[in-house]
Chemist: 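Below is a structure I'd like to ask you about.
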Amino acid sequence: MRLAGMAAKTASVIGIGQTDWPADHARVRAGQKPHDSYGYAAEAFVAALADAGISRADVDGLIVGPTVAYERVGELLGLDVRWGGQADAMLAVLEACMAINAGQAEVVALIYGNDQRSAAVNYGGADAQGGSAFLSYIYHAPWGFTSQGALYALMARRYMQERGMSEAELAEVAVAQRLAASRNPQALMRKPITVEDYLASPYICEPLHLFDYCLINDGGVALIIAEASKAKRIGRAPVPIHGIGRYDLNTGATSLEPRLTDFYQPAQQAVGEQVFSMASLGPSDMDALQIYDSFSLHIPLALEGYGYCKTGEAGKFMREHGISLARGLPVNTGGGHLSESYMQGWNHQIEAVRQVRGEAGERQVPECRHVHYSSDVAGKAVSIIYGQ
Amino acid sequence: MANSQRVLSLYDLPLWDSMERQKMALPRCSHCERFRYPPGPICAECSSMDYEWTEISGEGTILSWVVFHRQYFEDYPQPYNVIAVRLAEGPIVVSNLVGEEPQGSWIDRPVSITYRRHLDRTQHAFKLKAADTNS
Ligand SMILES: [Zn+2]
């Protein structure tokens with residue numbers, strides 16, 4: 001297998017932007033509607049341009065998130081471009097890298113906005129989101145099986161028995177990320193919790209507790225990614241992308257085969273080979289991890305899948321070694337989807353950039369040189385390594 | 001809140017008809033004999049598009065289970081269980097365990113198919129195999 005289709009550090013992040021998640025969340029909870037998805041996207045884009053210190057005219061590529069229409073975003077922002085597309089957070093970064101590598105664009109704006117909270121979007125029940133892309137989200141509804149949380153609960157139950165992980169060990173995820181959020185002024189949930197708090201919290205879909213579930217809030221995120229040499233010329237603090245990788249498990253997806261038999265591990269192992277080979281780095285070189293965490297279970301799956309611990313030892317690793325800013329290998333240093341903001345992987349990208357820049361304030365990981373981002377949504381594994 | 005609904009693609013209709021007759025059938029590849037679930041037009045193993053609707057044995061084992069403590073559908077007040085069953089024929093189906101529930105872990109418990117009337121449809125459910133209920 002040809003592992004790396006492009007050289008490391010071909011593209012760099014030169015700008016990041018976000019909306020004010022806690023302020024908007026407070027307004028939405030008070031019954032107001034600060035923006036729709038386009039307004040959040042626009043605000044994040046303006047912030048990312050300012051952070052990069054470039055002008056709109058420098059942008060020649062545009063990729064938008066799944067919740068907004070590509071043309072309308074371009075129209076609103078006045079962006080006529082020579083390359084464009086639509087993708088989720090992780091694939092947006094991969095596609096921007098590929099467009100730059102292919103010479104199709106030099107400076108790509110990646111823009112996401114989502115009014116899911118104020119628009120009362122449902123991720124379970126008769127109008128569950130995502131069914132048109134993932135049949136498993138809706139196919140088992142006649143048996144009452146709905147919500148992405150339930151898919152992970154079913155996976156968690158088997159994983160806990162097969163691989164040996166207790167509820168108290170899984171609690172380490174929610175506890176560690178809440179600690180990170182307590183040091184992050186842009187996190188929504190900042191009150192620290194303990195393993196005991198976790199165990200005392202209600203089940204939503206047993207064995208998963210309330211604290212295993214992501215938040216639902218409004219907001220936007222944007223990144224500017226530029227060709228590496230151009231990034232050095234125009235960027236304030238470019239953060240090169242050292243590696244990217246992807247592997248999709250599609251066979252048996254609706255009958256939950258990849259979830260319930262191998263817990264997505266073959267996909268993560270394949271991606272690990274690609275991304276670490278491209279970056280000429282390994283798990284021991286990573287100073288922090290950002291892991292897509294719609295549910296806490298993603299964290300032990302990634303720790304095992306990418307070789308941060310042995311298969312069957314993620315529970316022990318989290319309990320004994322630690323995955324927090326206080327000890328061990330810091331995971332989701334901004335609080336992630338569980339405690340910071342549910343920006344569907346987009347907040348993880350800008351947190352990785354901040355950590356590598358050394359601009360993460362109270363939650364800064366000391367001497368943070370490399371950050372590994374991983375996601376495994378519905379068995380589609382993606383990795384990105386950001387570094388100095 | 002609304003009731004739960006079926007996905008009824010062209011290939012799902014014969015499946016639901018078979019459950020209505022309480023003889024659940026799945027498409028079985030005419031070439032390599034692999035069963036398809038959900039039903040579909042082609043074999044993911046050998047790419048053959050030929051198949052016959054074949055009644056399943058109804059035997060299986062529980063792969064995993066959950067208990068819902070939140071209501072999402074009008075017709076499913078909480079709490080209720082959902083199980084994943086590995087059918088003897090190979091595929092995994094998502095269903096409900098009816099009747100007696102096991103003590104301790106449900107995983108690897110042998111189950112057999114039964115049918116229940118739900119709203120305007122007949123659908124599969126599973127019950128513990130008799131020999132296992134007291135073990
Ligand atoms: Zn076949």
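The chains referred to below are lettered A, B, ... by the order of the sequence lines, with proteins before strands, and numbering in each begins at 1.
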Chemist: Does B:Gln22 CD have over 12 foreign heavy atoms under 6.0 Å away?
Modeler: yes

Chemist: Relative to chain A, which segment of B:Pro91 carries a heavy atom at a distance below 4.5 Å: side chain, backbone, both, or neither?
Modeler: neither

Chemist: I'd like to know whether CZ of A:Arg246 has more than 12 heavy-atom contacts from other residues, nucleotides or ligands below 6.0 angstrom.
Modeler: no

Chemist: Measure from the side-chain N and O atoms of B:Gln123 to the backbone N and O of A:Pro142, and report whether any donor-acceptor pair falls under 3.5 Å.
Modeler: yes

Chemist: Is it true that, when you exclude B:Arg121 itself, more than 12 heavy atoms of the residues, nucleotides or ligands shown sit nearer than 6.0 Å to its CZ?
Modeler: yes

Chemist: Is it the side chain or the backbone of B:Asp12 that comes within 4.5 Å of chain A heavy atoms, both, or neither?
Modeler: side chain

Chemist: Please identify, among B:Leu119, B:Val82, B:Ile92, the residue contributing the most non-hydrogen atom pairs under 4.5 Å to chain A.
Modeler: B:Ile92

Chemist: Using a cut-off of 6.0 Å, state whether more than 12 heavy atoms not belonging to B:Lys127 lie near its atom NZ.
Modeler: yes

Chemist: What part of A:Leu208 is in contact with chain B, defined as an atom under 4.5 angstrom from a non-hydrogen atom: side chain, backbone, both or neither?
Modeler: neither

Chemist: What part of B:Val93 lies closer than 4.5 angstrom to a heavy atom of chain A: side chain, backbone, both or neither?
Modeler: neither

Chemist: Tell me, side chain or backbone of B:Phe73 under 4.5 Å from chain A's heavy atoms, or both, or neither?
Modeler: side chain

Chemist: If every non-hydrogen atom of B:Asn3 is compared with every non-hydrogen atom of A:Ala126, which pair is closest and at what distance?
Modeler: O-CB, 3.9 Å

Chemist: So which residue, A:Gly149, A:Gly144, A:Cys205, A:Gly252, ends up with the most heavy-atom pairs under 4.5 Å with chain B?
Modeler: A:Gly144

Chemist: Distance from B:Ile107 atom CD1 to A:Arg158 atom CZ, nearest 0.5 Å?
Modeler: 5.5 Å

Chemist: Not counting sequence neighbours, which residues clear side-chain hydrogen bond (donor to acceptor under 3.5 Å, both in side chains) with A:Tyr306? List them please.
Modeler: A:Ser383

Chemist: Hey, which residues of residues 23-37 of chain B are touching chain A, say heavy atoms under 4.5 Å apart?
Modeler: B:Arg34, B:Tyr37

Chemist: Which one of A:Thr146, A:Leu154, A:Ile138 has the most heavy-atom pairs closer than 4.5 Å to chain B?
Modeler: A:Leu154

Chemist: Please list all pairs meeting salt bridge (Lys or Arg N to Asp or Glu O under 4.0 Å) that have one or both residues in residues 252-261 of chain A, counting only residues at least two apart or in different chains.
Modeler: A:Glu257-B:Arg86

Chemist: Which pair of heavy atoms, one from A:Ser255 and one from B:Pro38, lies closest together, and at what distance?
Modeler: N-CD, 4.5 Å

Chemist: Keeping A:Arg157 on the side-chain end and B:Ser64 on the backbone end, is there a donor-acceptor pair under 3.5 Å?
Modeler: no

Chemist: Quick one: sort the A:Trp143 and B:His124 rings into parallel, tilted or perpendicular, breaks at 30° and 60°.
Modeler: parallel

Chemist: Report, as yes or no, whether the 6.0 Å neighbourhood of atom CZ on B:Arg70 holds more than 12 heavy atoms from other residues, nucleotides or ligands.
Modeler: no

Chemist: Which bit of A:Leu260 is near chain B, if near means a heavy-atom gap under 4.5 Å: side chain, backbone, both or neither?
Modeler: side chain

Chemist: State, without any angle test, whether B:Tyr72 and A:Asn122 hold a side-chain donor-acceptor pair at a distance under 3.5 Å.
Modeler: no

Chemist: I'd like to know which of A:Thr261, A:Thr254, A:Ile204, A:Asn250 tops the heavy-atom pair count under 4.5 Å against chain B.
Modeler: A:Ile204

Chemist: Would you mind checking which part of A:Thr251 comes under 4.5 Å of any heavy atom in chain B, side chain (CB onward), backbone (N, CA, C, O), both or neither?
Modeler: side chain

Chemist: Take A:Phe145 and B:Val66, measure what side chain to side chain contact (heavy atoms under 4.5 Å, CB included) needs, and give me the verdict at the end.
Modeler: CA-CA 9 Å; A:Phe145 193 62; B:Val66 296; 4.2 Å; yes

Chemist: Using the test side-chain hydrogen bond (donor to acceptor under 3.5 Å, both in side chains), find all partners of A:Ser118 that sit at least two apart in sequence or belong to another chain.
Modeler: A:Lys33, A:Asp218

